[in-house]
Amino acid sequence: MKFVDEFRDPAAARALVKSITDLTADDEFKFMEVCGGHTHTIYRHGIEHILPAGVELVHGPGCPVCVIPMGRIDDAIWLAEKPGMIFTSFGDMMRVPGSTGSLLDAKARGADARFVYSPLDALRIAIENPDKEVVFFAVGFETTAPSTAVTLVRAKELGVKNFTVFCNHVTIVPPIKAILDSPDLRLNGFLGPGHVSTVVGNRPYRFVPEVYGKPIVVAGFEPLDILQSVYMLLAQIRDGRCEVENQYGRVVRDDGNPQAIALLAEVFELRPHFEWRGLGFISQSALKLNANYADFDAELRYDMPGVRVADPKACQCGEVLKGVIKPWECKVFGTACTPETPIGTCMVSPEGACAAYYNFGRLHRETALLVGNSSQTR
């Protein structure tokens, strides 16, 4: 297949659903889609409604905005409000609430906080404003970390002195392991993250079948990609196999992108531990700038507060990120917490599970509840 409409062909989808139904029989299976992009595909195209009742898809911690703890947002706001500072960030991070509001609120109070489309845009702003300090708020998994690394290499080559990075890049393998070690959830397999795998490849996931006995299929982001990946997981279970398979072969290679991996090794090193929203502190799960690039590390240049802040009691983003509850089961979903007035990160980010449910699945869920309630009253 070469064109988008081929990956959304109704006839092919019906054939895959039939094959999935045949494999499911009367058994029940629970698979986790690790990536938030998969969640949005599932609900945008109504995949959850056409899968057989025995197949349940739950959400994982693959949304980079969603997993950043509130204390790190407070640190970002503290930096943005420093005199003489230009704070740059991707757009979705500007709306994530901390304990004193969001970066947009800080901007309204007078902070020079700016949207950028890439870290190279932030570096350009630093070059154009030599009398200002410029910080880039770096977030994301291994997917976006290479662009930050390229920018830092360029900044070092140019000798830019007024540019730093507040690094919050995280890695994908440790949270998957944390999910597998959690007693809260029982899974039959994983839909592996497609975008991250374009960088790291398929090999890092081998521990999932080898240690935990769970199959994993690296999946693409079109409807037929999701359906085929579910079928591949079920086929592994039927055949008694347990391995890493690559459904997204048109993009992902087993060894990933060696140049990007080498660049990450040149610029970053693993942190001893890092706090994840909903998962707590996970060892060696995030990146920081190594000694060769320490001059560009905002955490070293500025005496940041670094205070740990608890999530709002009403927000259940942590349970959503672990797949323990569905977004509509959160007490404030769709009432106090909406995309216009988000309380938690899962409602803020375009990749967040709560945003996916609200934008694509909420009405279907409310309809089902109304139908169920009306049938009980008859």
Please check if any side-chain donor atom of [X] sits under 3.5 Å from a side-chain acceptor atom of [Y], or the reverse.
X    : Y    : value
H273 : Q284 : no
H169 : T148 : yes
Q236 : E243 : no

Does the distance from a Lys or Arg side-chain N to an Asp or Glu carboxylate O, for E157 and R154, drop under 4.0 Å?
->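 Here E157 pairs with R154 in a salt bridge, since their nearest N and O are under 4.0 Å apart.
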
Ring geometry between W276 and F274 (parallel below 30°, tilted from 30 to 60°, perpendicular above 60°) |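 Perpendicular, since the angle between the ring planes exceeds 60°.
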
May I ask you to decide if the ring planes of F221 and H195 are parallel, tilted or perpendicular, using 30° and 60° as cut-offs?
-> parallel

Identified side-chain contact (heavy atoms from CB on, under 4.5 Å) counterpart of Y231 within the set V17, D22, I226, L23 = L23

Check each of V218, V217, I216 against N246 using the side-chain contact (heavy atoms from CB on, under 4.5 Å) test, and report the only one that passes.
-> V218

Hey, mind stepping through C167 and F268 against side-chain contact (heavy atoms from CB on, under 4.5 Å) and telling me if it holds?
-> CA-CA 10 Å; C167 186; F268 298 110; 3.9 Å; yes

Criterion side-chain contact (heavy atoms from CB on, under 4.5 Å) on F163 and T151, from CA distance to verdict | CA-CA 10 Å; F163 176 73; T151 302; 4.0 Å; yes

Could you please spell out the steps behind the side-chain contact (heavy atoms from CB on, under 4.5 Å) verdict for I77 and D105?
-> CA-CA 9 Å; I77 293 171; D105 295 323; over 6 Å; no

Would you find a donor on one side and an acceptor on the other, under 3.5 Å apart, between the side chain of N162 and the backbone of A126?
->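 Checking the backbone N and O of A126 against the side chain of N162, a donor-acceptor pair under 3.5 Å is found.
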
Any donor-acceptor pair under 3.5 Å from T88 side chain to V135 backbone | yes

Mind checking whether Y43 and H49 have ring centres under 6.0 Å apart?
-> no

F166 and F136: CA distance, side-chain angles, deciding distance, side-chain contact (heavy atoms from CB on, under 4.5 Å) verdict | CA-CA 6 Å; F166 180 33; F136 174 66; over 6 Å; no

Roughly how far, to the nearest 0.5 Å, is CZ of R203 from CZ of R253?
-> 12.5 Å

